[in-house]
Amino acid sequence: VLLKDQESHISQGLASVDRAMAINANHVPSRLTQGDLHLLRAQAQKPQESRRAAGLQAMQSYEQAMKLDPFLASMIRLRLATAGGVAENR
């Protein structure tokens, strides 16, 4: 997938997640998907500032998901660590 196409798909996915969360802001699968999409965006970005911003957005989504469903914390922690590494350029 070309970078331009990837960004388009990520944007469309985030728009869908926004619509789902407008119906139910506490929908954990939507929060996780939001985090995953921000993480994909971060990993595809070249400028460090863009990577950092998208990585921080992913972290925020994952943290919100953990607050909503603490039983998923062990699964979410790995994603959170990955997003943190991308945000810090590791």
Side-chain angles (χ1 to χ4, degrees):
V1 177
L2 297 174
L3 190 58
K4 181 177 147 187
D5 291 338
Q6 183 179 14
E7 178 57 33
S8 174
H9 293 307
I10 290 169
S11 294
Q12 290 173 11
L14 286 169
S16 294
V17 167
D18 287 344
R19 287 191 298 277
M21 288 193 302
I23 296 168
N24 181 359
N26 296 324
H27 191 242
V28 175
S30 293
R31 289 283 174 201
L32 290 173
T33 301
Q34 182 184 49
D36 291 343
L37 290 167
H38 283 302
L39 181 57
L40 283 172
R41 177 178 275 163
Q43 291 170 331
Q45 296 294 319
K46 294 297 178 204
Q48 178 55 29
E49 279 306 308
S50 297
R51 287 177 63 88
R52 178 172 166 65
L56 291 174
Q57 288 176 309
M59 291 174 68
Q60 183 180 35
S61 296
Y62 293 142
E63 287 166 354
Q64 289 170 345
M66 279 198 310
K67 286 179 187 173
L68 292 169
D69 191 346
F71 292 108
L72 295 177
S74 61
M75 178 188 75
I76 297 171
R77 280 191 193 103
L78 177 59
R79 293 175 179 184
L80 188 58
T82 302
V86 170
E88 295 179 11
N89 198 28
R90 287 189 263 152

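Just the heavy atoms: all of them, side chains too, but no hydrogens, waters or symmetry mates, feed the values below. The residues of the chain are indexed from 1 along the displayed sequence.
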4.5 Å side-chain heavy-atom contact, Met66 and Leu72: no
Note, Leu56 side chain near Gln60 side chain (heavy atom, < 4.5 Å): no
Measuring from [X]:[atom1] to [Y]:[atom2], what's the distance to the nearest 0.5 Å?
{"X": "His38", "Y": "Gln43", "atom1": "NE2", "atom2": "CD", "result": "13.5 Å"}
{"X": "Gln6", "Y": "His9", "atom1": "CD", "atom2": "NE2", "result": "8.5 Å"}
{"X": "Ser30", "Y": "Asn24", "atom1": "OG", "atom2": "CG", "result": "7.5 Å"}

Using the test side chain to side chain donor-acceptor pair (under 3.5 Å), find all partners of [X] that sit at least two apart in sequence or belong to another chain.
{"X": "Gln45", "value": "none"}
{"X": "Ser50", "value": "none"}
{"X": "Thr82", "value": "none"}

Residue pairs passing the salt bridge (Lys or Arg N to Asp or Glu O under 4.0 Å) test where at least one lies in residues 63-75, sequence neighbours excluded: none
Residue pairs fulfilling salt bridge (Lys or Arg N to Asp or Glu O under 4.0 Å) with at least one residue in residues 22-37, sequence neighbours excluded: Asp36-Arg79
Side-chain (Tyr62) to main-chain (Gly35) donor-acceptor, under 3.5 angstrom: yes
Treat each ILVMFWY residue as a node, draw an edge where side-chain heavy atoms are under 4.5 Å apart, and state whether [X] and [Y] are in one component.
{"X": "Leu68", "Y": "Leu37", "answer": "no"}
{"X": "Met59", "Y": "Met75", "answer": "yes"}
{"X": "Met21", "Y": "Ile76", "answer": "no"}
{"X": "Val28", "Y": "Val17", "answer": "no"}
{"X": "Leu32", "Y": "Leu80", "answer": "yes"}

Closest non-hydrogen atom pair, Ala42 against Val86: CB-CG1, 3.5 Å
Minimum heavy-atom distance Glu88-Gln48, with the two atoms named: C-NE2, 4.3 Å
Qualifying residues under salt bridge (Lys or Arg N to Asp or Glu O under 4.0 Å), relative to Arg41, sequence neighbours excluded: Glu7
